Amino acid sequence: MDDVTARQVPPMRAGDSDRAATVHRLQDAVARGLLTPDEGSERMAAAFAAVHLRDLPPLTADLPPAPEHVTAYATAPGWRPLGLMAWEQVRATVAGARGGGPAGVRLALTAVAALLVLVLLGSLVLDGLFDGGPGGFDRGWGDGRGPR
């Protein structure tokens, strides 16, 4: 391709996604302390005002690439890792308590206390369900004869 043909090809126009990607990179640079807020603002304004693709690379040319951990998660990891960590903690606690000693006694007392709380809550629920006789749920209806 000769110089005459290269000069005749019009420059590619920048799209909204191209501008947004550049602005995101500039925001990351400001957050990492690579740019001052004023300089980042100026560059972001220039990115939003860019008409051609060739106008965008000079705005980020002096910035190092983003670290891996910044781009690794596009979304939050969710509840699965939290559940797995809780399960591992319970397994480690039970495994440590199997050897006996103070940890085993504490685990046994905690299990007994949890069982007592469950029995108490269950008895309260059953009492509330069956306290009114065959109709149940008699409380709160005024004269005790149930709904009309």
Side-chain angles (χ1 to χ4, degrees), residues 9-148:
V9 176
M12 293 289 295
R13 293 185 64 86
D16 289 339
S17 61
D18 300 319
R19 290 184 202 94
T22 301
V23 167
H24 179 69
R25 185 143 182 239
L26 291 168
Q27 288 172 336
D28 180 60
V30 171
R32 291 170 48 202
L34 300 172
L35 296 173
T36 65
D38 291 335
E39 186 178 11
S41 240
E42 290 171 10
R43 289 188 188 197
M44 286 181 231
F48 281 124
V51 175
H52 298 104
L53 283 176
R54 67 176 181 223
D55 301 332
L56 295 174
L59 299 173
T60 58
D62 61 339
L63 300 175
E68 282 292 319
H69 71 277
V70 172
T71 58
Y73 289 105
T75 60
W79 287 101
R80 174 170 261 156
L82 183 62
L84 290 173
M85 288 189 314
W87 175 249
E88 287 297 321
Q89 182 64 42
V90 168
R91 275 187 41 197
T93 302
V94 170
R98 283 187 184 162
V105 172
R106 275 185 294 188
L107 183 63
L109 289 175
T110 303
V112 168
L115 185 61
L116 286 173
V117 168
L118 285 175
V119 168
L120 177 66
L121 287 175
S123 67
L124 289 173
V125 168
L126 289 175
D127 181 52
L129 287 175
F130 298 113
D131 191 38
F137 293 105
D138 267 354
R139 295 183 187 159
W141 291 97
D143 59 1
R145 292 185 295 180
R148 296 181 189 179

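Residue numbers start at 1 and run along the sequence shown. Note that the structure is predicted; figures quoted are calculated from it, not measured.
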TODO: Kindly compute the distance separating CZ (R13) from CG (D55), expressed to the nearest 0.5 Å.
DONE: 10.5 Å
Open item on the list: Tell me if a side-chain donor or acceptor on R25 pairs with a main-chain N or O of L63 at a distance below 3.5 Å.
Closed with: yes
Task: Reported CG-to-OG1 distance for the pair L115 and T110, which is rounded to 0.5 angstrom - done: 12.5 Å
Open item on the list: I'd like to know whether H24 forms a side-chain contact (heavy atoms from CB on, under 4.5 Å) with Q27, so could you lay out the CA-CA distance, the side-chain angles of the two residues, the decisive distance to 0.1 Å, and finally the verdict.
Closed with: CA-CA 5 Å; H24 179 69; Q27 288 172 336; 4.3 Å; yes
- [ ] Might you confirm whether atom NE2 of H52 has over 12 heavy atoms from other residues, nucleotides or ligands at distances under 6.0 Å?
- [x] yes
TODO: Answer yes or no: is there an ion pair linking R43 with D62, defined by an N-O contact shorter than 4.0 Å?
DONE: yes
Task: Exam field: side chain R19 to backbone A49, donor-acceptor pair closer than 3.5 Å - done: no
TODO: Could you check if a side-chain atom of L53 sits within less than 4.5 angstrom of a side-chain atom of P11, using non-hydrogen atoms only?
DONE: no
Task: 4.5 Å side-chain heavy-atom contact, V30 and M44 - done: yes
Task: Non-hydrogen atoms of A14 and L56 that approach each other most closely - done: CB-CD1, 4.1 Å
